[in-house]
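Every chain is numbered from 1 and lettered A, B, ... according to where its sequence line falls, protein lines coming before strand lines.
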Amino acid sequence: DIQMTQSPSSVSASVGDRVTITCRASQGITTWVAWYQQKPGRAPNLLIYGASTLQSGVPSRFSGSGSGTDFTLTITSLQPEDFATYYCQQAKSLPFTFGPGTKVDFK
Amino acid sequence: QVQLVESGGGVVQPGRSLRLSCAASGFTFSAYAIHWVRQAPGKGLEWVAFISYDGYDKNFANSVKGRFTISRDNSKNTVYLQMKSLRGEDTAVYYCVKDQAVGEPAGIYVDWGQGTRVTVSS
């Protein structure tokens, strides 16, 4: 199975900050990565798929990059509604494993 | 619009069984794979199981392999997750998730159910 790791596990930031979250796959997965945002008590929300394709309706301050084993989610100019937990997921091969998550909270 | 409604959760003793259901509407159910994803209290997301659009292909996380089975009834627009030999570590909210791709799974999850809570405790 493909394992996904994320760093950092948590980050403290302020409104307007640029936040970068990295995700690493245990083997090459080309661009088969998705990123999700989850707020407490709610189902996750898809932000990006195919490593860099922004899901419809997601603000352009979110962007994704990477291929192979290393991927990045960037939030430019963090907004109050962006404080949440973010997960990467590989979709190269079943089981479609998730990373452990990165919590973005208030500094 | 797409709706996924899970049911069947509850409190169950270790070693017992439980069957979750996911009733779907708002799309051509028989064309899409369905996945189950769970989240233990205070923990991250864990992919659990997959069933192909036609029910022929299935896959499970190692943590549930041999204990969980998955099936679907395309005439009822429903997917079932049969859970046996339940353990404390199976305690979680279980989400039913529609794969975004027609036919083969792409692991792109736009549509999620509201989740059903399973608690394994004596």
Aromatic B/F27 / basic B/K98 pairing, under 6.0 angstrom, 45° off normal:
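Yes, B/K98 lies over the aromatic ring of B/F27.
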Is it true that the NZ or CZ of B/K65 lies under 6.0 Å from the centre of B/F60's six-membered ring and within 45 degrees of the ring axis?
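Verdict for B/F60: no cation-pi partner in B/K65.
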Heavy-atom pair count under 4.5 Å with chain A, highest-scoring of [options]:
options                     : result
B/Q100, B/K43, B/Q39, B/E46 : B/Q39
B/G44, B/G107, B/G113       : B/G107
B/G115, B/A61, B/A106       : B/A106

Do B/Y53 and B/N74 make a side-chain contact, defined as non-hydrogen atoms from C-beta onward lying under 4.5 Å apart?
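No - every pair of side-chain heavy atoms lies 4.5 Å or more apart.
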Can you check whether A/C23 reaches A/M4 side chain to side chain, under 4.5 Å on heavy atoms?
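Side-chain contact under 4.5 Å: yes.
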Measuring heavy-atom distances to chain B, does [X] have an atom under 4.5 Å in its side chain, in its backbone, in both, or in neither?
X     : answer
A/F96 : both
A/Q90 : neither
A/P44 : both
A/D1  : side chain

Region of B/V37 that comes under 4.5 Å of a non-hydrogen atom in chain A:
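Just its side chain gets close to chain A.
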Name the one of B/L81, B/D99, B/V79 that satisfies side-chain contact (heavy atoms from CB on, under 4.5 Å) with B/I51?
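With B/I51 as partner, side-chain contact (heavy atoms from CB on, under 4.5 Å) holds for just one option, B/V79.
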Between A/S7 and A/T22, is there a side-chain donor-acceptor contact under 3.5 Å, judged purely by atom types and distance?
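A/T22 vs A/S7: donor-acceptor pair found between side chains.
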